[in-house]
Amino acid sequence: PLPCSAMYPFVRYAWPVELIDVSDSSKWVTNNSLQALGYVSTLRSLRVTACRFVDDAGLAPLTQLRQLSALDISWTQVSDAGIRESVSKCASITSLNLTGLSGLTDQGVAALVSIAGLERLALACTSISDVALDYLTYYTRYPTSGSHGLAGLRWLELSNTRLTDTGIGKLVAIIEDGKPYGKDFKNLEYLALSMTSGVGP
């Protein structure tokens with residue numbers, strides 16, 4: 001087991017570290033432990049899967065990590081506040097796993113549109129609804145001159161959510177006569193909808 005006090009000296013002197021995986025660390029990794037990550041300026045990938053004592057407060061150091069490209073905070077206690085205040089400000093992220101976040105709602109998903117370079121997004125086993133896809137696709141359906149929107153999204157995991165046919169319909173662009181003419185996420189290669197009972201054939 002890795003106690004919190006051991007994390008500080010480790011990360012302080014491990015400057016070239018690019019990947020840290022402390023998944024399934026239970027009570028040994030807490031919000032206090034993660035504050036040390038601010039020292040690891042070279043960090044590109046972070047996994048804290050199933051660290052049940054990590055919540056919104058533990059994500060504060062992420063905004064200091066300018067090279068972070070992959071973040072997995074699945075099955076933690078992170079909620080909309082952590083997504084809005086920390087994750088959405090990490091412009092370098094290309095892969096984000098939010099699976100199993102019971103505190104994630106449609107409003108939290110709305111904050112993700114500011115991460116323009118996002119390519120992989122997992123929202124499985126959350127309580128998101130059709131409104132979440134309305135937010136995610138808004139800037140691809142109504143382009144603006146800003147940098148908002150997830151035009152480069154290639155991989156989308158939506159299994160075991162409250163989505164319905166209406167929400168999934170947002171992934172398809174519609175012309176005025178009501179006929180679909182193409183997908184909103186032009187680069188989308190993978191879409192998972194298993195155990196999403198509101199989505200029909």
Side-chain angles (χ1 to χ4, degrees), residues 1-105 107-128 132 135-136 147-150 152-157:
L2 185 66
C4 298
S5 58
M7 286 289 282
Y8 285 96
F10 169 73
V11 297
R12 185 176 183 125
Y13 296 107
W15 299 108
V17 169
E18 293 188 2
L19 185 152
I20 293 180
D21 186 344
V22 290
S23 300
D24 299 307
S25 296
S26 186
K27 65 181 180 180
W28 303 108
V29 171
T30 66
N31 291 336
N32 193 39
S33 308
L34 297 182
Q35 301 312 303
L37 293 175
Y39 289 109
V40 193
S41 60
T42 55
L43 192 63
R44 294 179 179 273
S45 177
L46 174 64
R47 293 190 69 217
V48 292
T49 304
C51 291
R52 56 194 179 95
F53 289 91
V54 171
D55 58 27
D56 301 331
L59 302 185
L62 297 184
T63 58
Q64 303 172 48
L65 303 176
R66 303 301 179 195
Q67 299 184 51
L68 187 65
S69 61
L71 177 63
D72 186 339
I73 51 175
S74 56
W75 304 104
T76 61
Q77 300 301 313
V78 173
S79 70
D80 288 351
I83 301 300
R84 185 174 54 252
E85 300 301 323
S86 300
V87 177
S88 67
K89 296 178 181 177
C90 298
S92 59
I93 290 181
T94 59
S95 177
L96 179 61
N97 190 348
L98 305 179
T99 297
L101 298 188
S102 59
L104 178 68
T105 70
Q107 286 66 42
V109 173
L112 299 177
V113 298
S114 63
I115 310 176
L118 201 58
E119 296 179 0
R120 295 173 61 96
L121 177 61
L123 299 169
C125 302
T126 61
S127 61
I128 63 168
Y135 287 132
L136 288 180
S147 61
H148 286 70
L150 306 180
L153 202 63
R154 295 177 178 276
W155 196 95
L156 185 57
E157 168 64 80

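- No side-chain heavy atom of Val54 sits less than 4.5 Å from a side-chain heavy atom of Ile73.
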Applying side-chain contact (heavy atoms from CB on, under 4.5 Å) to Val78 and Ile83, what does each step give before you reach the verdict? CA-CA 8 Å; Val78 173; Ile83 301 300; 4.1 Å; yes

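- The two residues Val113 and Leu136 come nearest to each other via the heavy atoms CG1-CA, 4.2 Å.
- Checked against salt bridge (charged side-chain N to carboxylate O under 4.0 Å, His left out), Lys27 has no partners two or more places apart in sequence or in another chain.
- We find the SG-CD1 distance between Cys90 and Ile115 to be 7.0 Å, quoted to the nearest 0.5 Å.
- Partners of Gln107 under the side-chain hydrogen bond (donor to acceptor under 3.5 Å, both in side chains) rule, at least two apart in sequence or in another chain, are Thr105.
- Taking CG of Leu65 as the start and OG of Ser45 as the end, the distance is 11.5 Å to the nearest 0.5 Å.
- Heavy-atom minimum distance, Gly38 versus Pro61: N-CB, 3.9 Å.
- A search for side-chain hydrogen bond (donor to acceptor under 3.5 Å, both in side chains) contacts involving Thr63 returns nothing, not counting sequence neighbours.
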Apply side-chain contact (heavy atoms from CB on, under 4.5 Å) to the pair Leu101 and Ile128, showing each step before the final yes or no. CA-CA 10 Å; Leu101 298 188; Ile128 63 168; over 6 Å; no

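- Every pair tested for side-chain hydrogen bond (donor to acceptor under 3.5 Å, both in side chains) that includes a residue from residues 82-94 fails, sequence neighbours excluded, so the list is empty.
- Within the structure, every pair that satisfies the side-chain hydrogen bond (donor to acceptor under 3.5 Å, both in side chains) test and touches residues 67-78, not counting sequence neighbours, is listed here: Arg44-Gln67, Arg47-Asp72, Thr49-Asp72, Thr49-Ser74, Asp72-Ser74, Asp72-Asn97.
- Side-chain contact check for Val109 versus Thr126: every heavy-atom pair is 4.5 Å or farther apart.
- Taken to the nearest 0.5 Å, the CG atom of Asp80 stands 8.5 Å off from the CG atom of Asp56.
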Show your reasoning for whether side-chain contact (heavy atoms from CB on, under 4.5 Å) applies to Leu19 and Val17. CA-CA 6 Å; Leu19 185 152; Val17 169; 5.8 Å; no

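- Annotation: side chain of Leu96 is in contact with side chain of Leu118 (closest heavy-atom distance under 4.5 Å).
- To the nearest 0.5 angstrom, Leu98 atom CG is 6.0 Å from Leu121 atom CG.
- To the nearest 0.5 Å, atoms CG (Leu68) and OG (Ser95) are separated by 10.0 Å.
- In this structure, Asp21 and Val48 have side chains that are not in contact, with every pair of non-hydrogen atoms separated by 4.5 Å or more.
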Hey, mind stepping through Leu62 and Ile93 against side-chain contact (heavy atoms from CB on, under 4.5 Å) and telling me if it holds? CA-CA 10 Å; Leu62 297 184; Ile93 290 181; over 6 Å; no

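- Between atom CG of residue Leu71 and atom CG of residue Leu59 there is a gap of 7.0 Å, rounded to the nearest 0.5 Å.
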Which donor-acceptor pairs under 3.5 Å do side chains of residues 30-37 form with protein atoms, sequence neighbours excluded?
from  : atom 1 : to    : atom 2 : distance (Å)
Thr30 : OG1    : Asn32 : N      : 3.3
Asn31 : OD1    : Asp55 : N      : 2.9
Asn31 : OD1    : Gly58 : N      : 3.2
Asn31 : ND2    : Asp55 : OD1    : 2.5
Asn32 : OD1    : Tyr8  : OH     : 3.3
Ser33 : OG     : Thr30 : N      : 3.2
Gln35 : NE2    : Asn31 : O      : 2.9
Gln35 : NE2    : Ala57 : O      : 3.4

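- In this structure, the side chain to side chain contact (heavy atoms under 4.5 Å, CB included) partners of Ser127, at least two apart in sequence or on a different chain, are Arg162.
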